[in-house]
**Student:** 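Got a structure here, written out as structure tokens. Questions coming.
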Amino acid sequence: MADVRFLLTGDTSVCVEFGNEISEPINAQIRAFNIALSSSSISGIVETVPTYRSLMVHYDPEVIRYAPLMEKLKGLLGQLDKITIPPSEVLEIPVLYGGEEMGPDLKFVAEHAGKTEEEVIKIHTSTEYLIYMLGFTPGFTYLGGMDEAIATPRLKTPRVKIPAGSVGIAGSQTGVYPIDSPGGWQLIGRTPVRMYDAGRATPILPQAGQYIKFYAIDQAEFDKIAAQEAAEGYQVKRHPRKEGGK
Amino acid sequence: MSITVLNPGLLTTVQDQGRIGYQQFGVSVSGVMDPRSAALANILAGNDQGEAVLECTMMGPQLQFDRANVIAITGGDLGPTLDGNAIPNYQAVAVKAGQVLKFTAPKSGCRAFIAFAGGLDIPLTMGSRSTYMKAKIGGFNGRKLEKGDQIGFRAPVDTLSRMEDRVLKPEFAPKPVYTLRVVLGPQDDAFTDAGVDTFLSGTYTVTPEFDRMGCRLDGPVIAHKDGGDIISDGIAFGAIQVPSAGTPIIMLGDRQTTGGYTKIATVITADFRTLAQLKAGDKVQFVKVPVEYAQGLLLAQRSAMKALSRINA
């Protein structure tokens with residue numbers, strides 16, 4: 001923890017910076033610190049925001065002022081190795097790959113990679129992608145770990161409207177559009193799972209520090225899950241991540 | 001229904017103190033651009049400090065009251081009238097059924113906050129009534145008010161106790177140059193010493209590019225050591241981003257939760273009441289203060305508000 005820096009972000013928050021690169025070990029430290037902080041007795045914490053390399057801690061200076069908070073946060077850092085951090089969770093996200101409607105760019109991605117569409121699907125579904133952080137729009141996940149073999153440049157002309165649930169590739173990034181929005185990602189499929197629903201008890205499904213594993217489904221399965229989402233809500237399958245999982 | 005929007009004005013939205021706890025999911029905080037002025041309006045109108053208000057921008061709305069209620073308007077002076085007669089800001093006003101609240105023209109500042117006794121009948125979305133226009137959630141159908149919209153009151157009143165005492169001195173006064181106090185960081189070390197000096201000694205002008213997300217300034221270029229890009233991290237209200245071009249952008253209520261530009265400093269919370277009133281052409285200078293000093297000012301503001309709240313006890 002020698003490299004941890006505390007950066008001033010005004011008078012009601014501080015940024016705890018764990019490094020200056022995008023890496024899984026740094027993200028694991030952020031997650032551990034966030035868990036330790038939320039289970040600590042430090043009062044006055046309003047909310048925390050994990051990002052690629054830092055944890056932003058919003059606090060109420062009426063409850064705890066800057067100097068005592070710094071002392072407590074540093075103390076907590078020193079105890080991190082004594083706190084048991086549960087393994088990350090893997091969310092299994094079903095995707096209907098390909099087809100003109102759901103994944104119009106799968107063909108192009110395959111051609112670009114010099115592979116068949118089936119091979120692209122196999123590669124895309126064989127990795128557990130770390131959710132480094134959420135941002136940009138509600139529920140938008142910044143995922144890491146996609147195989148460079150299927151990396152594809154963005155569309156030259158972005159689409160005006162991409163439906164929520166679309167799964168895309170942009171450069172060496174992959175992800176799911178949580179809401180209808182314009183965008184230039186290559187669309188390879190769509191999930192019937194609602195990553196974001198403002199009216200739900202848990203409005204946003206994914207959390208920073210979890211992993212996403214995509215798996216291929218057919219149209220019948222897609223329709224079944226979509227119907228469940230529209231009715232009582234679909235529960236995605238989730239399991240603790242195994243050490244060194246892929 | 002209790003108010004009908006005859007004219008929405010330039011940008012009128014329902015806002016409370018913001019959507020807290022969802023930034024980790026990419027949900028912007030939103031909320032009033034000046035939490036203190038909105039809280040004062042609420043106290044005058046007999047409400048809890050955090051009740052939702054209407055935030056009006058430059059050209060205020062025209063609202064018809066379909067039933068009586070007590071209101072209070074704070075922030076900038078956008079020229080409020082009731083049935084054509086001027087009414088004071090920073091004072092509780094009993095409005096009768098059928099009367100029309102209209103704002104004539106901005107006289108000072110940029111934003112006014114209208115509190116309604118008993119609050120507006122707006123559902124909570126993720127714990128808040130704030131409008132977050134980009135994601136189309138909160139407030140009135142997730143958008144700014146439009147002509148013909150009707151909003152209910154939750155618990156309207158004809159009058160309140162001690163109406164004559166529900167008066168405050170307006171807080172905002174136009175100035176040739178506004179001072180915004182800042183705490184340096186989080187990336188002040190990404191700038192050269194000369195760059196930081198430029199930021200703290202220069203006079204900056206508010207450009208027409210200002211909205212609820214951010215306020216772009218023009219002025220002396222602030223020198224980076226090595227460009228204005230960073231690996232994205234969190235963004236506080238009042239954070240001053242300086243992209244590689246070298247001119248600052250102050251991040252406001254509807255800011256994104258994370259961003260990849262260097263942030264040289266953050267405006268202190270006690271000065272949000274000035275920040276919220278800036279408009280195109282206004283001039284700004286930045287003065288750095290220690291974080292402990294900024295917190296002292298904020299706590300002094302808060303205890304003054306608690307004292308005022310006793311009028312509702």
Side-chain angles (χ1 to χ4, degrees), chain A residues 5-17 19-23 26 34 46-62 64-67 70 132-142 178-181 195-196 198-200 202-209, chain B residues 19-29 123 125-127 132 134-138 142 181-189 230-240 256-260 263 265-272 289-299 302-303 306:
Chain A
R5 297 202 304 161
F6 293 85
L7 308 177
L8 271 174
T9 49
D11 50 22
T12 61
S13 61
V14 293
C15 178
V16 187
E17 190 182 86
N20 196 16
E21 59 181 322
I22 299 172
S23 83
I26 286 175
N34 199 16
V46 176
E47 65 178 312
T48 60
V49 188
T51 68
Y52 278 121
R53 62 201 180 101
S54 63
L55 186 72
M56 190 144 170
V57 180
H58 294 263
Y59 66 99
D60 181 355
E62 211 171 316
I64 188 164
R65 295 285 288 262
Y66 172 71
M70 281 303 99
Y132 277 103
M133 64 177 201
L134 282 79
F136 182 55
T137 64
F140 185 85
T141 51
Y142 291 86
I179 54 177
D180 293 350
S181 50
M195 308 297 270
Y196 163 72
R200 205 160 54 187
T202 306
I204 289 127
L205 175 68
Q207 284 178 33
Chain B
R19 195 160 277 113
I20 308 299
Y22 293 90
Q23 286 191 83
Q24 60 173 307
F25 299 111
V27 180
S28 294
V29 179
T125 304
M126 297 185 223
Y132 175 19
K134 189 179 164 196
K136 302 185 179 75
I137 59 170
R181 289 167 291 187
V182 301
V183 173
L184 286 184
Q187 279 94 33
D188 50 317
D189 62 353
I230 55 167
I231 298 171
S232 289
D233 67 0
I235 307 178
F237 193 123
I240 303 171
Q256 313 89 305
T257 53
T258 60
K263 297 171 286 293
T266 310
V267 177
I268 70 170
T269 307
D271 284 353
F272 289 172
V289 295
V291 63
E292 292 84 358
Y293 178 79
Q295 293 189 335
L297 292 175
L298 171 60
L299 267 49
R302 290 223 196 136
S303 58
K306 270 187 203 134

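Every chain is numbered from 1, with letters handed out A, B, ... down the list of sequences.
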**Student:** What part of B/Ile268 lies closer than 4.5 angstrom to a heavy atom of chain A: side chain, backbone, both or neither?
**Tutor:**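 It is both, since atoms from each part get that close.
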**Student:** Report yes if some heavy atom in the side chain of B/Val183 is under 4.5 Å from a heavy atom in the side chain of A/Tyr66; otherwise report no.
**Tutor:**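 The answer is no, as the side chains (C-beta and beyond) never meet within the 4.5 Å cut-off.
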**Student:** What part of B/Ala239 is in contact with chain A, defined as an atom under 4.5 angstrom from a non-hydrogen atom: side chain, backbone, both or neither?
**Tutor:**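 Contact with chain A: none, neither part.
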**Student:** Heavy-atom pairs under 4.5 Å with chain A are the metric here; pick the option from B/Val182, B/Thr266, B/Thr257, B/Ile235 that has the most.
**Tutor:**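 Option with the greatest count: B/Thr266.
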**Student:** Heavy-atom distances under 4.5 Å only: say whether A/Ser54 touches chain B with side chain, backbone, both or neither.
**Tutor:**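 Looking at A/Ser54, just its side chain touches chain B.
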**Student:** Checking B/Asp233 against A/Met56 for the side-chain contact (heavy atoms from CB on, under 4.5 Å) test, could you report, in this order, the C-alpha distance in whole Å, the side-chain angles of both residues, the deciding distance, and whether it holds?
**Tutor:** CA-CA 8 Å; B/Asp233 67 0; A/Met56 190 144 170; over 6 Å; no
**Student:** Give, as side chain, backbone, both or neither, the part of A/Arg200 having an atom under 4.5 angstrom from any heavy atom of chain B.
**Tutor:**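 No part of it gets close to chain B.
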**Student:** Side chains of B/Ser232 and A/Tyr142: does their closest heavy-atom pair fall under 4.5 Å?
**Tutor:**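 B/Ser232 does not reach A/Tyr142 side chain to side chain.
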**Student:** Using non-hydrogen atoms only, which part of A/Pro61 is less than 4.5 Å away from chain B: side chain, backbone, both, or neither?
**Tutor:**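 Both backbone and side chain.
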**Student:** Please name the pair of heavy atoms, one in A/Gly135 and one in B/Thr258, separated by the smallest distance, quoted to 0.1 Å.
**Tutor:**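 Looks like CA-OG1, 4.1 Å.
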**Student:** By a 4.5 Å heavy-atom criterion (distance strictly below it), what part of A/Ala198 contacts chain B: side chain, backbone, both, or neither?
**Tutor:**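 Contact with chain B is through both the backbone and side chain of A/Ala198.
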**Student:** For a quick test of reading the model, state the closest non-hydrogen atom pair linking A/Pro138 to B/Val27 and the distance between them.
**Tutor:**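 Residues A/Pro138 and B/Val27, closest heavy atoms: CB-CG2, 3.7 Å.
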**Student:** Checking B/Tyr132 against chain A: side chain, backbone, both or neither under 4.5 Å from a heavy atom?
**Tutor:**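 Just the side chain, heavy atoms under 4.5 Å.
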**Student:** For A/Tyr132, is it the side chain, the backbone, both, or neither that has a heavy atom closer than 4.5 Å to a heavy atom of chain B?
**Tutor:**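 For A/Tyr132, there is no contact with chain B at all, as no heavy atom is under 4.5 Å.
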**Student:** Look up atom NE2 in A/His58 and atom CD in B/Gln24, then write down how far apart they are to the nearest 0.5 Å.
**Tutor:**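 If we round to the nearest 0.5 Å, A/His58:NE2 and B/Gln24:CD are 10.5 Å apart.
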**Student:** For chain B, find which of A/Glu47, A/Met133, A/Glu62, A/Gln207 contributes the most heavy-atom pairs closer than 4.5 angstrom.
**Tutor:**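 Maximum pair count with chain B is reached by A/Glu47.
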**Student:** Begin from the C-alpha positions of B/Lys134 and A/Ile179 and carry the test side-chain contact (heavy atoms from CB on, under 4.5 Å) through to its verdict.
**Tutor:** CA-CA 11 Å; B/Lys134 189 179 164 196; A/Ile179 54 177; over 6 Å; no
**Student:** Taking atom CD of B/Gln256 and atom OG1 of A/Thr137, what is their separation to the nearest 0.5 Å?
**Tutor:**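 It is 11.0 Å, given to the nearest 0.5 Å.
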**Student:** Name the region of B/Asp188, side chain, backbone, both or neither, that has any atom closer than 4.5 Å to a heavy atom of chain A.
**Tutor:**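 Contact with chain A is absent: no heavy atom of B/Asp188 under 4.5 Å.
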**Student:** Between B/Thr125 and chain A, with a heavy-atom cut-off of 4.5 Å, which part of the residue counts as in contact: side chain, backbone, both or neither?
**Tutor:**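 Only the side chain of B/Thr125 comes within 4.5 Å of chain A.
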**Student:** With a 4.0 Å cut-off, would you call B/Arg181 and A/Asp11 a salt bridge?
**Tutor:**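 Not counted as a salt bridge, because no side-chain N and carboxylate O are separated by less than 4.0 Å.
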**Student:** Checking heavy atoms, do the side chain of B/Leu297, its backbone, both or neither come under 4.5 Å from chain A?
**Tutor:**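 Answer is neither: B/Leu297 stays 4.5 Å or more from chain A.
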**Student:** Begin with the C-alpha distance, continue with both residues' side-chain angles, and end with the deciding distance and a verdict on side-chain contact (heavy atoms from CB on, under 4.5 Å) for A/Leu8 and B/Leu184.
**Tutor:** CA-CA 7 Å; A/Leu8 271 174; B/Leu184 286 184; over 6 Å; no
**Student:** Side chains of B/Phe25 and A/Pro203: closer than 4.5 Å at any heavy-atom pair?
**Tutor:**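 B/Phe25 vs A/Pro203: side chains apart.
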**Student:** Donor-acceptor check, side chain of A/Arg65 to backbone of B/Gln295, threshold 3.5 angstrom: yes or no?
**Tutor:**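 Checked: no pair found.
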**Student:** List the atom of A/Tyr196, the atom of B/Ile137, and the distance in Å for their closest heavy-atom pair.
**Tutor:**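 That closest heavy-atom pairing would be OH-CG2, 3.3 Å.
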**Student:** Report which part of B/Ile20 has an atom under 4.5 Å of a heavy atom belonging to chain A: side chain, backbone, both, or neither.
**Tutor:**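 When you check distances to chain A, atoms from both the backbone and side chain of B/Ile20 fall under 4.5 Å.
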**Student:** Heavy-atom distances under 4.5 Å only: say whether A/Pro178 touches chain B with side chain, backbone, both or neither.
**Tutor:**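 No part of it gets close to chain B.
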**Student:** Please flag which part of B/Ile231 lies under 4.5 Å from any non-hydrogen atom of chain A: side chain, backbone, both or neither.
**Tutor:**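 Both backbone and side chain.
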**Student:** Please report the shortest heavy-atom distance between A/Leu134 and B/Gly26, naming the atom on each side.
**Tutor:**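 Where A/Leu134 meets B/Gly26 most closely, the heavy atoms are CB-N, 4.0 Å.
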**Student:** Would you say B/Asp189 and A/Arg5 make side-chain contact, with heavy atoms under 4.5 Å?
**Tutor:**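 Yes; the side chains approach each other to less than 4.5 Å.
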**Student:** Set out, in order, the CA-CA distance, both residues' side-chain angles and the distance that settles side-chain contact (heavy atoms from CB on, under 4.5 Å) for B/Lys136 and A/Asp180, then state yes or no.
**Tutor:** CA-CA 11 Å; B/Lys136 302 185 179 75; A/Asp180 293 350; over 6 Å; no
**Student:** Measure A/Ser13 against the heavy atoms of chain B and call it side chain, backbone, both or neither at under 4.5 Å.
**Tutor:**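 The side chain, not the backbone.
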